[in-house]
Number of protein chains: 2
Amino acid sequence: MRTKLSTADERRPLVTSAAVAAFARTGYRGTTVADVAREAGISSAYVFKLFPSKEQLFVGALDACFDQVVDALGRGVEATTDHTPEGLLDAMGLAYAELIADRSLLMLQVHAQSAAEVPEIGAALRRGYARVTEFASTRSGATDAAVQRFIAFGQLCHLVVTLDLDDAPEPWARTLALGIRHPVFGAVAPAEITEGGAS
Amino acid sequence: MRTKLSTADERRPLVTSAAVAAFARTGYRGTTVADVAREAGISSAYVFKLFPSKEQLFVGALDACFDQVVDALGRGVEATTDHTPEGLLDAMGLAYAELIADRSLLMLQVHAQSAAEVPEIGAALRRGYARVTEFASTRSGATDAAVQRFIAFGQLCHLVVTLDLDDAPEPWARTLALGIRHPVFGAVAPAEITEGGAS
DNA sequence: CATATGAGTGACTGTACACTCACTCTTCCC
DNA sequence: GGGAAGAGTGAGTGTACAGTCACTCATATG
């Protein structure tokens, strides 16, 4: 009994997870479907039975990524007792920081942004950011400007993690990584950055 | 007399510009050196005489990109009369917005971020952001938090332009694109156009 | 048992691409 | 004129990859 068979519908989400991990490492064009297949422990021929094309496989991974992001934001909101708009956004930021501790979900978004010229991928990415932005906005009740800043610091966080700035000693790197920790118990950007630190 | 010869040292920067344009369109892995060669009007064989590898060609393009970004920030600083730290950062933001009106320099940074796993490219990207961050910090005299916010909104701007959000009607897109215009005479952040120029 | 359905794969195909090489043509200097 | 130095290319080579196909094997049911 070498391999236990499962149904295609059971296997598809497993392959999607494998695709998230693989595409997160080397991006849309830098990852072969053989890489995804290896990660999933199946043959690449079977990946093409499960998904019609590499493009659709990537889109599936990206959708799954945003599912998890929105879920995490929701859990963050549930977990806080501070129900002010700023408190709710902070709670979401913290939850996001915990979620992306392993980098995969974050890197997938970065790679997707670079592949957004592919129409289906661009559309999926817009869909994802629409969900996140609308969720942050309606669930926090914050002003548009505050929501915009929330997303802006999310994007900065992507840069910091991509370039491994959070444990770089250079002053400029410390400036960009201020308050951003990707190790699990850290916090993400403080919302009150009005008159912050010293130089 | 079909083609006027020029020296390799004259031609290299021309090819670098072509590389910026080509890589900006389809990214590091999505662009062939034949694409760059076509853009530059030479054969791909000759591109390899001018640059040792595709990777070094991309690094050259990225360095040139950051040269232009830092230059633009400098011109922004020269052009403003408001010498408060916030005024200087605003002026830099405005200059950056004008510089990236044609998207190439911005998209190249986005694509570079996705290719940062390639060691030489990651290093070049860190070099570039180091220059920008240090320049913004020392020339504005602003707090670390303000400089961080400056870069964060720059990253948001990358997202907005990549996803073409600035002329999308959806509310979430309007929220993210608040105050961000990429058409030439638009402004970034809460800054006004001060120079008296005709159309 | 027979036979159907669907899971899963090895071996291919066609193409695209990074990089090389042998070569030609131009310019310049004697 | 001759010939060295360098600009510039056409025609490759080797490899890697998206997608296909014909097939095997497991399970299910009558």
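Because the structure is a prediction, the values reported are computed rather than measured. All chains are named by letter (A, B, ...) in the order of the sequence lines, taking the proteins before the strands, and each is independently numbered beginning at 1.
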Query - A:Arg38 CZ - D:dA16 C1' separation (whole Å) - result: 12 Å

Requested in this report: Could you tell me whether A:Arg174 and A:Asp167 make a salt bridge, using a distance below 4.0 angstrom between a side-chain N and a carboxylate O?
Outcome: no

Report summary line: CD (A:Gln155) and CZ (B:Phe153) are apart, to the nearest 0.5 Å, by 11.5 Å

**Report entry** Whole-Å gap separating C1' (C:dA7) and CZ (A:Arg12)
**Finding:** 12 Å

Report task. Choose from D:dA18, C:dT9, C:dA18 the nucleotide whose nearest atom is closest to any side-chain atom of A:Lys54. Result -> D:dA18

Query raised in the report: Could you state the CZ-C1' distance from A:Phe58 to D:dA18, rounded to the nearest angstrom?
Result: 16 Å

Query raised in the report: What's the CG-P distance between A:Asp9 and C:dG6, to the nearest Å?
Result: 11 Å

Requested in this report: Using whole Å, report how far CG of A:Asp35 lies from C1' of D:dG19.
Outcome: 16 Å

Query raised in the report: Between the base of C:dG8 and the side chain of A:Lys49, is there a donor-acceptor distance below 3.5 Å?
Result: yes

Query raised in the report: With a distance cut-off below 6.0 Å to the six-membered ring centre and an angular limit of 45° from the axis, does B:Lys54 pair with B:Tyr28 as a cation-pi contact?
Result: yes

Query raised in the report: Starting at CZ of A:Arg29 and ending at P of C:dT15, how long is that distance when rounded to a whole Å?
Result: 19 Å

Report task. Remember a base hit wins even if backbone is also touched, and classify A:Ser53 as base, sugar-phosphate or nothing at under 4.0 Å, heavy atoms. Result -> sugar-phosphate

Report task. Verify the distance criterion only: is there a donor paired with an acceptor across the side chains of B:Asp82 and B:Thr80 at less than 3.5 Å? Result -> no

Requested in this report: Compare the minimum distances between each of D:dA18, C:dG8, D:dG8 and the side chain of A:Tyr46, then state the nucleotide with the smallest one.
Outcome: C:dG8

Query raised in the report: OP1 or OP2 of D:dG8 sitting under 4.0 Å from any side-chain N/O of B:Arg11?
Result: yes

Report task. Name the closest nucleotide to the B:Phe48 side chain, picking from C:dA7, D:dT9, C:dC19. Result -> C:dC19

Query raised in the report: Can you check the B:Leu50 CG to D:dG8 P distance for me, whole Å?
Result: 8 Å

Query raised in the report: Starting at CD of B:Glu10 and ending at C1' of C:dT26, how long is that distance when rounded to a whole Å?
Result: 15 Å

Requested in this report: Select from A:Gly30 and A:Ala45 the residue whose nearest nucleotide in DNA chain D is closer to the 5' end of that strand.
Outcome: A:Gly30

Query raised in the report: Would B:Leu57 and B:Val15 satisfy side chain to side chain contact (heavy atoms under 4.5 Å, CB included), going step by step from the backbone distance to the final call?
Result: CA-CA 9 Å; B:Leu57 177 59; B:Val15 175; 4.2 Å; yes

Query raised in the report: B:Ser43 near the nucleic acid: base, sugar-phosphate alone, or nothing, with a heavy-atom cut-off under 4.0 Å?
Result: base

